[in-house]
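Each chain gets a letter, A, B and so on, in the order its sequence line appears, and its residues count up from 1. Quick caveat: nothing in here was measured; it's all calculated off a predicted structure.
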Amino acid sequence: DTAVSQTPKYLVTQMGNDKSIKCEQNLGHDTMYWYKQDSKKFLKIMFSYNNKELIINETVPNRFSPKSPDKAHLNLHINSLELGDSAVYFCASSERGGGAADTQYFGPGTRLTVL
Amino acid sequence: AQSVAQPEDQVNVAEGNPLTVKCTYSVSGNPYLFWYVQYPNRGLQFLLKYITGDNLVKGSYGFEAEFNKSQTSFHLKKPSALVSDSALYFCAVRDVRTGGFKTIFGAGTRLFVKA
């Protein structure tokens with residue numbers, strides 16, 4: 001069973017469109033994250049959620065709206081897509097809120113290409 | 001400010017030789033340090049972490065890392081490299097000022113092991 005799963009794996013779309021990426025974890029973790037990895041492989045956190053509550057919003061444009069319907073799911077909706085949004089988006093989870101020592105488990109990534 | 005630096009973009013080593021991937025950190029308070037590996041088109045996988053205790057931490061796939069407080073370093077090592085170790089390696093630190101909800105990643109070091 002996949003611990004952290006994301007759909008879709010690839011997403012190709014036109015500028016100005018709206019798209020969503022879904023993430024699910026079956027580890028029973030409390031905390032989930034979204035990361036963006038750019039073309040130079042630099043990895044930066046976007047959001048952290050703990051038990052469905054937004055904890056960290058790392059100066060992400062408000063075109064990006066995460067939603068956590070329950071603590072096992074954290075979806076990412078992106079409005080009015082721009083060329084600069086092209087990247088690989090990773091979802092991750094960790095066991096406890098505020099668990100600085102906790103390991104993060106990453107999904108396989110969603111490669112978003114905006115044309 | 002909390003930060004992590006990986007001074008080498010790429011490390012080349014021959015199979016069977018020892019390898020070192022360097023990481024230095026800057027944190028306020030106790031550091032919570034991690035190494036992750038990313039294989040092509042995959043998500044990040046946890047290798048090892050330093051929380052407290054012994055300065056030499058052993059992890060997955062024969063990797064280990066040495067925590068050096070005076071040099072603020074956390075270098076990743078392996079006594080004998082394998083071609084299959086070729087991947088992108090990330091050092092990371094937990095930002096405890098955010099209650100552990102934010103992880104700061106280094107820029108990554110690409111390890112290339114030649115047969």
Okay, B:Leu44 and chain A: the region with an atom under 4.5 Å from a heavy atom over there is both
So CD of B:Gln45 and OG1 of A:Thr103: to nearest 0.5 Å the spacing works out to 12.5 Å
The interface call for B:Phe105 against chain A, heavy-atom contacts under 4.5 Å, is both
**Prompt:** In terms of heavy-atom contacts, does CD of A:Glu58 have more than 12 from other residues, nucleotides or ligands at under 6.0 Å?
**Reply:** yes
Main-chain N/O of A:Gln104 paired with B:Tyr36 side-chain donor or acceptor, under 3.5 Å: yes
- [ ] Can you establish whether the number of heavy atoms outside A:Asn51 located under 6.0 Å from its atom CG is more than 12?
- [x] yes
In short, A:Lys41 meets B:Leu88 closest at the heavy-atom pair CB-CD2, 3.6 Å
Please check if the number of heavy atoms outside A:Arg63 that lie under 6.0 Å from its CZ is greater than 12. yes
Exercise for review: Give a yes or no on whether the backbone of B:Phe101 and the side-chain of A:Ser48 come within a donor-acceptor separation of less than 3.5 Å.
Suggested key: yes
Under 4.5 Å to a heavy atom of chain B? For A:Tyr35 that would be side chain
If you draw a 6.0 Å radius around CG in A:Asp70, do more than 12 non-hydrogen atoms from other residues or ligands fall strictly inside? yes
Check the hydrophobic clustering (I, L, V, M, F, W, Y; side-chain heavy atoms under 4.5 Å; chains of links allowed) and say if A:Val12 and A:Leu81 are grouped together. no
| said: Are A:Phe106 and A:Phe42 linked, directly or through intermediate hydrophobic residues, by side-chain heavy-atom contacts shorter than 4.5 Å (ILVMFWY only)? | reply: no
- Message: Counting neighbours of NZ on A:Lys9 that are heavy atoms of other residues, nucleotides or ligands and sit closer than 6.0 Å, is the number greater than 12?
- Response: yes
Okay, A:Leu43 and chain B: the region with an atom under 4.5 Å from a heavy atom over there is both
Main-chain N/O of A:Ile45 paired to B:Lys102 side chain as donor or acceptor, under 3.5 Å
no
* Asked: With a 4.5 Å limit on heavy-atom distance, are the side chains of B:Gln38 and A:Phe90 in contact?
  -> yes
For the hydrophobic clusters of this structure (ILVMFWY residues joined by side-chain heavy atoms under 4.5 Å, transitively), does one cluster hold both B:Phe46 and B:Phe74? no
- Message: Quick check on the hydrophobic clustering: are B:Val57 and B:Val93 connected, directly or via other members, by side-chain heavy-atom contacts under 4.5 Å?
- Response: yes
The interface call for A:Tyr33 against chain B, heavy-atom contacts under 4.5 Å, is side chain
**Q.** Exam field: side chain A:Arg111 to backbone B:Asn41, donor-acceptor pair closer than 3.5 Å
**A.** no
* Asked: Any link between A:Met46 and A:Ile55 through a network of hydrophobic side chains (Ile, Leu, Val, Met, Phe, Trp, Tyr) touching at under 4.5 Å?
  -> no
One should read off an interatomic distance between B:Phe34 CZ and A:Asp102 CG, to the nearest 0.5 angstrom, of 7.5 Å
Applying a strict 4.5 Å limit to non-hydrogen atoms, the region of B:Phe90 in contact with chain A is side chain
A:Ala101 and B:Lys49 have their tightest heavy-atom pair at O-NZ, 2.6 Å
